[in-house]
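The structure appears below as structure tokens.
Worth saying up front: this structure is predicted, and the values here are computed from it rather than measured. We name chains A, B, ... by the order of the sequence lines, and we start the count at 1 in each one.
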There are 2 protein chains.
Amino acid sequence: MVLTEKHKELIERIGVFHEHKGMQPLVGRIIGLLLVHDEGEVSFDEIVEQLGVSKSAVSNALTFLQAKGRCVYSTRPGDRKRYFALKVSDWREDFEKELQNIAEIQKFIDEVLEVRTEKNPEFNCRMRDFSNFLCFFKQEIPALFERFKKQQA
Amino acid sequence: MVLTEKHKELIERIGVFHEHKGMQPLVGRIIGLLLVHDEGEVSFDEIVEQLGVSKSAVSNALTFLQAKGRCVYSTRPGDRKRYFALKVSDWREDFEKELQNIAEIQKFIDEVLEVRTEKNPEFNCRMRDFSNFLCFFKQEIPALFERFKKQQA
DNA sequence: TTTTTAGTTCTGTATTTGCAGAACTAACTG
DNA sequence: CAGTTAGTTCTGCAAATACAGAACTAAAAA
């Protein structure tokens with residue numbers, strides 16, 4: 001597949017978006033490439049060529065993506081190459097994980113509330129509010145997906 | 001205020017939690033200190049002493065936190081020191097921003113769908129599903145806060 | 001068996017990060 | 001005014017990051 005300037009520019013922007021989420025630059029750009037690529041499946045070699053980086057860098061980045069469960073490869077009969085693809089099918093689980101992750105802060109809030117004295121009751125009160133909200137939020141997540149399903153039908 | 005081992009250990013864990021979110025180490029630990037500190041307000045000097053870091057590092061970290069709107073300082077009559085505190089009052093807005101931020105990926109998904117051909121219809125279909133969900137999700141956020149408010153009353 | 005292919009692992013390095021320390025600024029104090 | 005206080009900005013460096021290139025491995029092909 002030949003990438004246009006528009007493709008390349010979009011890949012770069014998707015790359016920096018993921019960099020801001022803490023991933024290393026190449027990992028983000030590989031996600032971009034796998035998203036934009038027509039076939040959805042891209043060989044190791046093509047990743048190296050399209051992004052103009054070394055094999056070692058691609059190898060490490062793909063190992064990382066597979067470890068994170070964001071990427072898989074398949075093979076084809078009579079072809080030794082690996083074709084890498086994003087696990088787009090898992091977007092529900094992935095998104096749910098992200099939501100659970102931002103709610104992780106609740107654990108810390110609760111620990112903080114345990115060690116705090118009553119010197120600043122207003123502060124403590126707001127923290128308790130926040131903790132209660134996070135608890136409520138976590139409970140609401142499954143219902144959110146349910147409502148989406150209904151709305152789709 | 002004297003910090004116990006438990007306080008210090010909690011501050012460190014809150015620190016690494018924020019590091020994983022992309023912040024620099026000291027910024028995370030300052031958030032930890034401001035959370036566990038009894039008064040809620042901590043002077044510049046005390047931050048330097050409690051965390052055992054340089055004034056310059058603290059200055060830069062606090063400038064960052066203030067720019068991000070996560071921290072403010074107040075002053076006291078006849079006292080030139082600045083007392084720094086987290087904006088705990090803003091937790092609703094902050095949390096909403098975080099939710100909007102993870103939904104940001106929708107923009108990219110939509111741009112991706114525009115440049116993709118129909119070579120892999122299943123991939124495109126799943127991406128459209130995800131985009132629709134993200135759209136639905138964004139709409140649901142205000143209602144989420146509303147339901148929490150009602151449930152509280 | 002030797003050679004090729006496909007990818008991994010190791011080694012080195014340019015760049016970036018995160019902070020320390022010193023110099024500096026601005027405002028207050030004596 | 002000179003000296004002190006509170007914090008900022010500048011300079012430099014040690015450590016971590018992100019990658020290139022080369023050496024290596026394992027399996028298939030010739």
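In summary, the aromatic rings of B/Phe145 and A/Phe133 are positioned with their centroids under 6.0 Å apart.
Residue pairs meeting the salt bridge (Lys or Arg N to Asp or Glu O under 4.0 Å) criterion with at least one member in residues 130-141 of chain B, sequence neighbours excluded: A/Arg147-B/Glu140, B/Glu140-B/Arg147. Residue pairs meeting the side-chain hydrogen bond (donor to acceptor under 3.5 Å, both in side chains) criterion with at least one member in residues 59-75 of chain A, sequence neighbours excluded: A/Glu41-A/Ser74.
For B/Glu118, there are no salt bridge (charged side-chain N to carboxylate O under 4.0 Å, His left out) partners at least two apart in sequence or on another chain. Taking the salt bridge (charged side-chain N to carboxylate O under 4.0 Å, His left out) definition, one finds that B/Glu9 meets it with B/Arg13, sequence neighbours left out. By the salt bridge (charged side-chain N to carboxylate O under 4.0 Å, His left out) test, A/Glu114 pairs with no residue at all, sequence neighbours left out. By the salt bridge (charged side-chain N to carboxylate O under 4.0 Å, His left out) test, A/Asp129 is found to be paired with no residue, residues two or more places apart in sequence or in another chain being considered.
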List the atom pairs, donor and acceptor, that lie under 3.5 Å between side-chain atoms in residues 43-56 of chain A and the rest of the protein, sequence neighbours left out.
| residue | atom | partner | partner atom | Å |
| --- | --- | --- | --- | --- |
| A/Ser43 | OG | A/Glu46 | N | 3.1 |
| A/Glu46 | OE2 | A/His37 | NE2 | 2.8 |
| A/Glu46 | OE2 | A/Gln50 | NE2 | 3.0 |
| A/Gln50 | NE2 | A/Met1 | O | 2.8 |
| A/Ser54 | OG | A/Ser56 | OG | 3.1 |
| A/Ser54 | OG | A/Ala57 | N | 3.2 |

Distance-only donor-acceptor hits, side chain of residues 81-100 of chain B, under 3.5 Å, sequence neighbours excluded:
| residue | atom | partner | partner atom | Å |
| --- | --- | --- | --- | --- |
| B/Tyr83 | OH | B/Asp79 | OD2 | 2.7 |
| B/Glu98 | OE1 | B/Lys21 | NZ | 3.1 |

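Following rounding to the nearest Å, A/Ile47 (CD1) and D/dC19 (P) show an atom-to-atom distance of 14 Å. Summarising the geometry, the separation between CZ on B/Phe44 and P on D/dT9 is reported as 11 Å, rounded to the nearest angstrom.
If one axis is set at each end of the helix from C/dT1-D/dA30 to C/dG30-D/dC1 from five pairs, those axes are 10° apart, to 10°.
Contacts between residues 63-85 of chain A and DNA chain C, defined by a heavy-atom separation under 4.0 Å, are made by A/Arg80, A/Lys81, A/Arg82.
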Set out, line by line, the N/O atom pairs under 3.5 Å between protein and nucleotides 11-13 of chain C.
none

Could you pull out the protein-nucleic contacts involving nucleotides 18-20 of chain C (nitrogen or oxygen on both sides, under 3.5 Å)?
| residue | atom | partner | partner atom | Å |
| --- | --- | --- | --- | --- |
| C/dC19 | OP1 | B/Leu26 | N | 3.3 |
| C/dC19 | OP2 | B/Gln24 | NE2 | 3.2 |
| C/dA20 | OP2 | B/Ser54 | N | 2.6 |
| C/dA20 | OP2 | B/Ser54 | OG | 2.5 |
| C/dA20 | N7 | B/Ser56 | OG | 3.0 |

